[in-house]
Amino acid sequence: QSRSIAENSPNGTLVGTLLSASDPERGPITFTTSSSVFAITPSGQLSVKNSSALDFETTKSFSVPDIVTDRSGLSSGMPVNVTVTDVAEG
């Protein structure tokens, strides 16, 4: 899955829509991440955690390491590519 965010977006800014994943047994799933730049809610909503890292001139994209876990504790990695878009600075 891919998302984009404008550089310099403040902490707490939502990054796109909810991530999607499913459990073959149709049970509930939760999302987690170890990212130092982005946070994620258990339901899969990415948000900015470290706005100072969102600098287009320094880093144009991030691979956010998300983990999806089902109710039985089985988990799978699901990296999300977040592209940083340039904002005119003056």
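Numbering of residues begins at 1 and proceeds along the displayed sequence.
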**Request:** Provide the full list of ring-ring contact (aromatic ring centres under 6.0 Å, His included) pairs with a residue in residues 69-90, sequence neighbours left out, each pair given once.
**Result:** none

**Message:** Nearest 0.5 angstrom please: D66 CG to I40 CD1, how far?
**Reply:** 4.0 Å

**Asked** Do you know which two heavy atoms are closest between A21 and V68, and how far apart they sit?
**Response** CB-CG1, 4.0 Å

**Prompt:** So, the side chain of E7 versus the backbone of V87: is there a donor-acceptor pair under 3.5 Å, distance only?
**Reply:** yes

**Distance, nearest 0.5 Å, that separates OG of S51 from CG of N11** = 4.0 Å

**Message:** Within this structure, what is the OG-CG distance for the pair S2 and N81, rounded to the nearest 0.5 Å?
**Reply:** 5.0 Å

**Request:** To the nearest 0.5 angstrom, please state how far the CG atom of L18 sits from the OG1 atom of T41.
**Result:** 6.5 Å

**Message:** For a quick check under 3.5 Å, do S35 and T33 share a side-chain donor-acceptor pair by atom type?
**Reply:** no

**Request:** Determine the minimum heavy-atom distance between V64 and V82, stating which atoms define it.
**Result:** CG2-CG2, 3.7 Å

**Request:** Please answer whether the main-chain N or O of G73 pairs with a side-chain N or O of T69 as donor and acceptor at a distance below 3.5 Å.
**Result:** no

**Message:** Check whether Q45 reaches the backbone of G16 with its side chain - one donor and one acceptor, N or O, closer than 3.5 Å.
**Reply:** yes

**Item:** Cluster check I29, M78: I/L/V/M/F/W/Y, side chain < 4.5 angstrom
**Value:** yes

